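Everything below concerns the one structure shown next.
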Amino acid sequence: MPAHSLADALVPWYRRSARDLPWRHENFSAWGTLVSEFMLQQTPVARVIPLLETWLKRWPTPTDLADAPAAEAVTHWANLGYPRRALWLHRAAVQIRDHHGGVVPRDVDDLLALTGIGDYTARAVAVFAYGDRHPVVDTNTRRVLARALNGTAHPGPAHRRDLEQMEAELPESAAEAALMNAAAMELGQVVCTARSPRCGECPVRDMCAWVAAGSPATPDTRKKQAAYEGSDRQARGRVLRALRDAAPEPVPHDAILIDWPDAGQRDRAFLSLLADGLIESDGDVFFLPR
DNA sequence: CAAGCGTGGCT
DNA sequence: TAGCCAAGCTT
């Protein structure tokens with residue numbers, strides 16, 4: 001019998017072929033889910049897995065992390081990238097300790113109120129950790145919906161409309177809906193990829209609007225990333241790495257970014273990191289936030 | 001709403 | 001090789 005909905009095709013495919021990932025294990029905690037979702041924001045799965053293990057061993061509960069200095073969170077974020085996430089995760093842990101009795105909230109609005117949590121992460125926690133029924137929409141899901149339902153090669157800019165479109169595809173039961181959410185993300189990551197989709201392996205191919213239209217090249221509205229070499233981001237990364245490597249010892253201003261060619265950019269790096277709260281200073285030395 | 005924010009693997 | 005890209009969020 002042919003599948004009549006996206007879920008009819010995707011959920012069985014997911015049950016059959018989902019990868020074995022730590023956060024999909026039966027007894028994975030809500031805190032573990034929250035930490036993994038922070039780490040997975042713009043960082044590939046393969047780089048997250050080893051560090052996630054380190055973090056959860058060190059800080060098994062939100063209160064464990066909240067009780068530690070923010071500097072330790074930033075230090076142990078290591079080279080995951082976007083270190084503001086480490087700071088935000090620490091702040092979220094403090095909020096959970098102080099306002100939620102040390103228990104990761106289940107309510108989407110409560111989750112949205114935590115630092116560093118937006119539409120995606122809030123619903124991911126509510127759905128994957130607590131089994132509630134909400135649409136979970138990440139960049140993979142947006143691409144799957146764009147192709148399978150809208151017939152375009154790329155999704156448009158992220159929009160609240162995406163949540164409503166995914167909501168309409170969810171099965172009635174919360175458990176099946178959770179599988180559907182995970183399945184759409186999984187398909188986008190391993191089959192319906194951005195550059196070279198493997199349509200020959202796709203469980204949704206026979207109902208895909210984009211394939212039916214002849215897989216046309218449609219406009220890609222995503223903004224291109226600025227070059228990293230010589231960028232402000234690279235300068236910030238160098239500063240933070242120097243402080244991580246020395247932590248908890250402070251580092252003199254003159255010992256950081258010594259050979260950086262652009263003095264103005266060097267100043268900008270320190271100032272923006274201070275503004276972000278990722279570094280602090282005392283006289284002419286810098287250190288990670290206490 | 002567009003811009004800014006890290007890092008490393010893959011093509 | 002050099003660019004492209006990755007489970008987003010905040011301002």
Side-chain angles (χ1 to χ4, degrees), chain A residues 14 18-19 21-24 28 32-52 74 77-89 91-92 111-129 134-145 154-160 162-163 166 178 181-190 192-198 220-244 265 268-269 271-273 275-279:
Chain A
Y14 181 79
R19 292 165 299 167
L21 300 172
W23 42 90
R24 291 175 178 171
F28 206 67
T33 300
L34 181 58
V35 174
S36 73
E37 294 298 348
F38 264 85
M39 291 184 168
L40 288 163
Q41 292 168 3
Q42 299 285 279
T43 299
V45 166
R47 291 177 55 203
V48 164
I49 290 176
L51 212 53
L52 175 64
V74 174
W77 199 252
N79 62 346
L80 265 195
Y82 290 146
R84 290 189 293 194
R85 291 180 293 165
L87 202 55
W88 291 339
L89 179 50
R91 288 178 188 165
L111 287 160
L112 285 171
L114 301 176
T115 308
I117 292 193
D119 282 332
Y120 165 76
T121 304
R123 288 171 179 77
V125 169
V127 170
F128 300 135
H134 304 282
V136 180
V137 177
D138 76 336
T139 186
N140 292 302
T141 295
R142 291 184 350 94
R143 186 172 53 253
V144 167
L145 295 178
H154 306 284
H159 195 276
R160 181 149 204 93
D162 303 332
L163 284 177
M166 186 59 178
N181 281 309
M185 293 167 64
E186 181 85 350
L187 187 79
Q189 194 170 138
V190 306
C192 193
T193 57
R195 268 196 289 187
S196 308
R198 311 154 84 136
D220 184 352
T221 60
R222 290 172 302 174
K223 57 199 169 206
K224 287 192 179 96
Q225 273 182 22
Y228 184 61
E229 192 65 28
S231 66
D232 285 12
R233 291 156 91 160
Q234 186 182 36
R236 286 168 52 104
R238 291 278 183 86
V239 172
L240 211 54
R241 185 171 65 193
L243 296 187
R244 275 202 316 262
Q265 193 175 41
R268 273 206 305 281
L271 287 174
S272 67
L273 286 167
D276 286 346
L278 271 168
I279 68 174

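It should be emphasised that the depicted structure is a prediction, and the values quoted were computed from it without experimental measurement. Below, chains carry the letters A, B, ... as their sequence lines are ordered, and counting in each starts from 1.
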Considering all heavy atoms of both residues, which atom of [X] and which atom of [Y] are nearest to each other, and what is their separation?
{"X": "Pro83(A)", "Y": "Leu278(A)", "result": "O-CD2, 3.8 Å"}
{"X": "Thr221(A)", "Y": "Pro155(A)", "result": "OG1-O, 3.7 Å"}
{"X": "Ala78(A)", "Y": "Leu51(A)", "result": "CB-CD2, 4.2 Å"}

Taking atom [atom2] of [N] as reference, at what distance in whole Å does atom [atom1] of [X] sit?
{"X": "Tyr82(A)", "N": "dA6(C)", "atom1": "OH", "atom2": "C1'", "result": "9 Å"}
{"X": "Asn140(A)", "N": "dG8(C)", "atom1": "CG", "atom2": "C1'", "result": "12 Å"}
{"X": "Arg142(A)", "N": "dG8(C)", "atom1": "CZ", "atom2": "P", "result": "10 Å"}
{"X": "Arg195(A)", "N": "dA6(C)", "atom1": "CZ", "atom2": "C1'", "result": "11 Å"}
{"X": "Leu278(A)", "N": "dT10(C)", "atom1": "CG", "atom2": "P", "result": "14 Å"}
{"X": "Arg85(A)", "N": "dT10(C)", "atom1": "CZ", "atom2": "P", "result": "13 Å"}
{"X": "Gln234(A)", "N": "dA2(C)", "atom1": "CD", "atom2": "P", "result": "15 Å"}

Contact list for DNA chain C against residues 222-231 of chain A - heavy-atom distance below 4.0 Å: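 When residues 222-231 of chain A is checked for heavy atoms under 4.0 Å from DNA chain C, the hits, listed by number, are Arg222(A), Lys224(A), Gln225(A).
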Heavy atoms under 4.0 Å, any strand shown: does [X] hit a base, just sugar-phosphate, or nothing?
{"X": "Ser36(A)", "result": "nothing"}
{"X": "Asp276(A)", "result": "nothing"}
{"X": "Leu80(A)", "result": "base"}
{"X": "Thr121(A)", "result": "sugar-phosphate"}

**Report entry** Residue pair Thr141(A) / Val136(A), side-chain heavy-atom distance below 4.5 Å
**Finding:** no
**Item:** Minimum side-chain heavy-atom gap Tyr14(A)-Met185(A) below 4.5 Å
**Value:**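 No - every pair of side-chain heavy atoms lies 4.5 Å or more apart.
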query: When you check the side-chain N and O atoms of Arg19(A) and Gln189(A), is any donor under 3.5 Å from an acceptor?
result: yes
Where each residue is assigned the nucleotide of DNA chain B containing its nearest heavy atom, which of Ala78(A) and Pro157(A) is assigned the position nearer the 5′ end?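 Per heavy-atom nearest nucleotide, the more 5' residue is Pro157(A).
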Note: for Ser272(A) and Ser196(A) on DNA chain B, the residue whose nearest nucleotide lies more 5' is Ser272(A)
Any donor-acceptor pair under 3.5 Å from [X] side chain to [Y] backbone:
{"X": "Ser272(A)", "Y": "Ala269(A)", "value": "yes"}
{"X": "Arg85(A)", "Y": "Trp77(A)", "value": "no"}
{"X": "Asn181(A)", "Y": "His134(A)", "value": "yes"}

In numerical order, the residues of residues 183-190 of chain A whose heavy atoms come under 4.0 Å of DNA chain B are none
Which side-chain N or O atoms in residues 112-122 of chain A pair as donor and acceptor under 3.5 Å with protein atoms at least two apart or in another chain?
residue: Thr115(A); atom: OG1; partner: Gln95(A); partner atom: NE2; Å: 3.1
residue: Asp119(A); atom: OD1; partner: Arg123(A); partner atom: NH1; Å: 3.2
residue: Tyr120(A); atom: OH; partner: Glu37(A); partner atom: OE1; Å: 2.8
residue: Thr121(A); atom: OG1; partner: Gln41(A); partner atom: NE2; Å: 2.9

**Asked** Would you say Gln41(A) reaches dG8(C)'s phosphate, i.e. side-chain N/O to OP1/OP2 under 4.0 Å?
**Response**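 So the side-chain polar atoms of Gln41(A) never come under 4.0 Å of the phosphate oxygens OP1 or OP2 of dG8(C).
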Discussion item. Between dC9(C) and dG8(B), how many Å separate the two P atoms, rounded to a whole number?
Written reply: 23 Å
First and last nt of DNA chain B near chain A, cut-off under 4.0 Å to heavy atoms, 5' to 3', are dA3(B) to dG8(B)
Taking for Leu112(A) and for Pro44(A) the nucleotide of DNA chain C with the nearest heavy atom, the one nearer the 5' end belongs to Pro44(A)
Non-neighbouring partners of Arg236(A) that pass salt bridge (charged side-chain N to carboxylate O under 4.0 Å, His left out), sequence neighbours left out: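 Here the qualifying residues are Asp276(A).
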Residues passing the salt bridge (charged side-chain N to carboxylate O under 4.0 Å, His left out) test with Arg142(A), sequence neighbours excluded, are Asp162(A)
